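We use all heavy atoms of the structure for the numbers below, so side chains are in, but hydrogens, waters and symmetry mates are not. Numbered from 1 within each chain, the chains take letters A, B, ... in sequence-line order. The structure displayed is predicted, hence computed values, not measured ones.
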Amino acid sequence: MNKVLYKEQLSDEVFRMRIEAPLIAQERHPGQFVIVQIDTNYGERIPLTIADADQQEGSITIVFQAVGDTTHRLAKIEVGEYIENLLGPLGQPTEIERFGKVVCVGGGIGVAPMHPIAQGMKQAGNEVKIIMGARNRDLLIMEDDMQKIADELIICTDDGSYGRKDLVTVPLKELCESWKPDLVVAIGPPIMMKFCAETTRPYGIHTIVSLNTIMIDGTGMCGGCRVSVGGETKFVCVDGPEFDGHLVDFDNMMLRLGTYKEREAEDHHQCHLDLAIKEGKA
Amino acid sequence: MSHPTPEQLREDAAQLLATIDPSALKPRDRMAIPVQEMPTQDPDQRVCNMEEVAVGYSREQVILESLRCLQCKNAPCIQGCPVSINIPKFIEKAAEGDFEGSIAVIKESSLLPAICGRVCPQEAQCQLYCTVGKSLRDVEKSVSIGRIERYVADYERENHLVKMPEPAAPTGKRVAVVGSGPAGITVAADVRKAGHDVTIYEAFHKPGGVMVYGIPEFRLPKSIVAEEIENLEKMGVTIETNFLVGRTRKLTDLIDKDGYDAVFVGSGAGLPKFMKIEGENLIGVFSANEYLTRSNLMKAYDPEHASTPIYESKIVAVLGGGNVAMDAARTAKRLGAQKVYIVYRRTEKEMPARVEEVGHAKEEGIDFLLLHSPKKIIGNEKGRVTGLELLAYELGEPDASGRRRPMAIEGSESILEVDTVIVSIGNDSNPLIKKTTAGLETNKWGNIIVDEQCRSSIDRIFAGGDIVLGAATVILAMGQGRTAAQAINERLAQEN
Ligand SMILES: Cc1cc2nc3c(=O)[nH]c(=O)nc-3n(C[C@H](O)[C@H](O)[C@H](O)COP(=O)(O)OP(=O)(O)OC[C@H]3O[C@@H](n4cnc5c(N)ncnc54)[C@H](O)[C@@H]3O)c2cc1C
Ligand code: SF4
Ligand code: FES
């Protein structure tokens, strides 16, 4: 049982939560994630990246988008209430060292897990440029947090309601040409990570992506999270979540994410009625 | 073939029992008593529910079956029992109707009889050596030791006769147990009895290990496992779920920083093997672990309540021939698959599954495609499974394990139309603890190396169960738990 200490709605569907979890706060490193389950008897187990941790308070921060049954229910948990099950920290931490010039690309809520990584990269003595992307201004999160870290912050929205009206790959390509980064880290929707990897490939710039596949245990027991990386099967929960973006078979991964698509579409509809969020915005 | 109802079996047994004078029975008479069949749910009905298939003996049946035992002086059955239960003695008491006395005998050696009575491969253990089976030249005619064990354990539980052992006076020593499968449960109970403080750390949100996430409800009701866990808690054992040793806390930190005097690692064998063939990452290919966990632990069989989905299948191929494969196949059937194949590259004789499970699977209409193995999995443009390309096999010379080696027949490719493939070809041990614990020695399969007292290469760290044995059995895990607990208790006693 883990107590919710703080909750904030960052945008229409995106929430930030601080949860009491002293052991996880102590052990976690940037890049790692937790598994959350709301109801011990019937709940599903979902992975969420740890966006931040406060060892003093003994808490971790998660940022999530209410897109499925569990995230919708998570969004309804109030400060002072409890999350029944929280397991972590899971996965391999990000390799943080002095690489030189690093570009961090965060798309949608991918900005949240990117935050501790960008911070770590900066502290390790790297020059860090950050590209943030969202569908529109309302969905853009954590701009101030990122501004504090970035040597340069580039913001893109799909509809041009804020920053540049571009996909994140456009400024990424520009930076590959002009700034010649040593490392690119991209976290966001699979399709964004796929195209970030495609963008950097011709330049031969090492590109790390963080995958968020379907999981159950998160400990390497079920293989449900598996992806094909460089022709080899890897378990995202224990071998990842970060992999060389140039080797990941994104097309297979995206198909696999749709394994239970039909049922989830039903749930989404159902839950939104509950939360009285307008369907059009979902 | 009509399916005998439990009531019919009870009546038949009652009639026969009425004609018998137990005190006058000669060995020949005992051997003439027919083996008492386990009453089961009708196959047509049970494939539509998750309830237990074997419903258990009646009082009449258990007495009759117990009367079949010859009370051999040398008791060869005991040698076949991994924890050396005094089998003739508990059967003698059962034959007298003294079920409380009977279970007391079992509990001198075994901690989880209601579970072992249900899932032990008795035909390869105690019953393999039974004199009755040997004399009648058929292991299936051995005394049904496991069914009697189950009856007396259920009798005790259902009549609320279970007595909690009183732990010894507190010693001030603390022991951590990693994993709550049969190995961990056994260590926790035995170490707690000696008066030490015990905490179990379990990665999942529910304790019980494979008995909860792997073995299905229809073979081992979860309420039985839950009761064993409750008993531990009543004895004062603390259970911390959602705690992954190696990540939430390092194994050695439990000793160095948290002050535990000893740690037992019973983390199981949970790393599913895949076949490394083309198409293995298509949609519709699952490890048996994933498929069974979704259904059992996450209760996906109950979509009304459960949030975790499970794949909707029409035609399923399960690859493998062990208990896990049978469980996956029978689960798929219950979840609505119209056709389920077991694809196994040897013959039925070599199948490692319990004979009873193979029998039940057949009754439930599972198709056995023997001497076949997949070459690749075929998918459509949406990345979903549509078929399995198979190769036919024949058996050649015996290999190192003594089983005849299966050999592919060239040019024998054929296509089996399926929409789901469940891979059940075994488990390796989970590398997490090894990877995060410097100095912990493992063998080439990643199993923790221990001595005959279950001591690992690191002082104060003990290990047992599947993490040491590779994917084995509940009873062997329990047996190692007993050994480890004794070693821990002795070690801690010396330190006083
Ligand atoms: C589907 C299936 C059917 C089976 N059928 C039979 C049968 O009919 N008869 C039989 O005798 N045997 C059967 N077995 C095998 C039997 O279940 C195992 O041999 C037995 O459960 C092993 O016990 P264990 O205590 O070593 O580990 P497990 O039961 O595997 O328990 C290990 C526990 O440790 C937890 N854990 C793992 N790593 C960590 C960590 N780092 N930190 C904290 N916790 C951790 C796991 O979550 C798990 O709960 C079957 C197995 C399966 C999968
Ligand atoms: S070997 Fe068979 S007949 Fe003999 S004591 Fe054991 S169970 Fe009874
Ligand atoms: S989530 Fe089960 S192995 Fe990764």
Measure [X] against the heavy atoms of chain A and call it side chain, backbone, both or neither at under 4.5 Å.
{"X": "Leu432(B)", "result": "neither"}
{"X": "Val423(B)", "result": "neither"}
{"X": "Asp253(B)", "result": "side chain"}
{"X": "Leu292(B)", "result": "neither"}
{"X": "Lys276(B)", "result": "neither"}
{"X": "Asn430(B)", "result": "side chain"}
{"X": "Asp302(B)", "result": "side chain"}

Are the side chain of Arg249(B) and the backbone N or O of Leu23(A) linked by a donor-acceptor pair below 3.5 Å?
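Checked: no pair found.
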Closer than 3.5 angstrom, by distance alone: can the side chain of Thr248(B) be matched with the main-chain N or O of Gly88(A) as a donor-acceptor pair?
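Side chain of Thr248(B) to backbone of Gly88(A), a donor-acceptor pair under 3.5 Å: yes, one is there.
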Counting only heavy atoms not in [X], do more than 12 sit closer than 6.0 Å to its [atom1] atom?
{"X": "Glu278(B)", "atom1": "CD", "answer": "no"}
{"X": "Lys314(B)", "atom1": "NZ", "answer": "no"}
{"X": "Glu95(A)", "atom1": "CD", "answer": "no"}
{"X": "Glu84(A)", "atom1": "CD", "answer": "yes"}

Is there a side-chain contact between [X] and [Y] in this structure, where contact means two heavy atoms from C-beta onward sitting under 4.5 Å apart?
{"X": "Leu87(A)", "Y": "Phe243(B)", "value": "no"}
{"X": "Arg247(B)", "Y": "Glu27(A)", "value": "no"}
{"X": "Met221(A)", "Y": "Thr293(B)", "value": "yes"}
{"X": "Cys222(A)", "Y": "Tyr213(B)", "value": "no"}
{"X": "Leu244(B)", "Y": "Leu90(A)", "value": "yes"}

Specify the closest pair of heavy atoms between [X] and [Y], including all atoms of both residues, with the distance to one decimal.
{"X": "Tyr260(A)", "Y": "Tyr311(B)", "value": "CE2-N, 3.5 Å"}
{"X": "Arg384(B)", "Y": "Thr259(A)", "value": "NH2-O, 3.5 Å"}
{"X": "Asn281(B)", "Y": "Ser228(A)", "value": "ND2-CB, 3.8 Å"}

Residue pair Lys299(B), Asn41(A): steps toward the side-chain contact (heavy atoms from CB on, under 4.5 Å) verdict
CA-CA 8 Å; Lys299(B) 301 217 178 68; Asn41(A) 282 321; 4.1 Å; yes
With a 4.5 Å cut-off on heavy-atom pairs, point out which of [options] contacts chain B the most.
{"options": "Glu232(A), Gln26(A), Gln37(A)", "value": "Gln37(A)"}
{"options": "Gly218(A), Gly220(A), Gly224(A)", "value": "Gly220(A)"}
{"options": "Ile38(A), Val227(A), Thr233(A), Asp39(A)", "value": "Thr233(A)"}

Please state whether the side chain, the backbone, both or neither of [X] comes within less than 4.5 Å of a heavy atom of chain B.
{"X": "Arg28(A)", "result": "neither"}
{"X": "Asp217(A)", "result": "both"}
{"X": "Leu86(A)", "result": "backbone"}

Distance (rounded to the nearest 0.5 Å) between Met298(B) CE and Glu44(A) CD
7.5 Å
Distance in Å, Lys206(B) NZ paired with Thr40(A) OG1, rounded so as to fall on 0.5 Å steps
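Going from the NZ atom of Lys206(B) to the OG1 atom of Thr40(A) covers 7.5 Å.
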List the steps and the verdict of side-chain contact (heavy atoms from CB on, under 4.5 Å) for Tyr42(A) and Thr308(B).
CA-CA 8 Å; Tyr42(A) 293 107; Thr308(B) 303; over 6 Å; no
Verdict with reasoning, Glu280(B) to Arg226(A), per salt bridge (Lys or Arg N to Asp or Glu O under 4.0 Å)
CA-CA 10 Å; Glu280(B) 207 150 48; Arg226(A) 69 194 189 278; over 6 Å; no
Derivation and outcome, side-chain contact (heavy atoms from CB on, under 4.5 Å), residues Glu290(B) and Met215(A):
CA-CA 9 Å; Glu290(B) 177 181 358; Met215(A) 291 192 188; over 6 Å; no
Consider only side-chain N and O atoms of Asn85(A) and Asn242(B), and report whether a donor and an acceptor are under 3.5 Å apart.
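Yes, Asn242(B) and Asn85(A) have a side-chain donor paired with an acceptor closer than 3.5 Å.
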Taking atom types as modelled and ignoring hydrogens, do the side chains of Asp69(A) and Ser307(B) form a donor-acceptor contact shorter than 3.5 angstrom?
yes
With side-chain contact (heavy atoms from CB on, under 4.5 Å) as the test, would you mind laying out the steps for Thr219(A) and Phe204(B) before giving the verdict?
CA-CA 9 Å; Thr219(A) 68; Phe204(B) 262 127; 5.9 Å; no
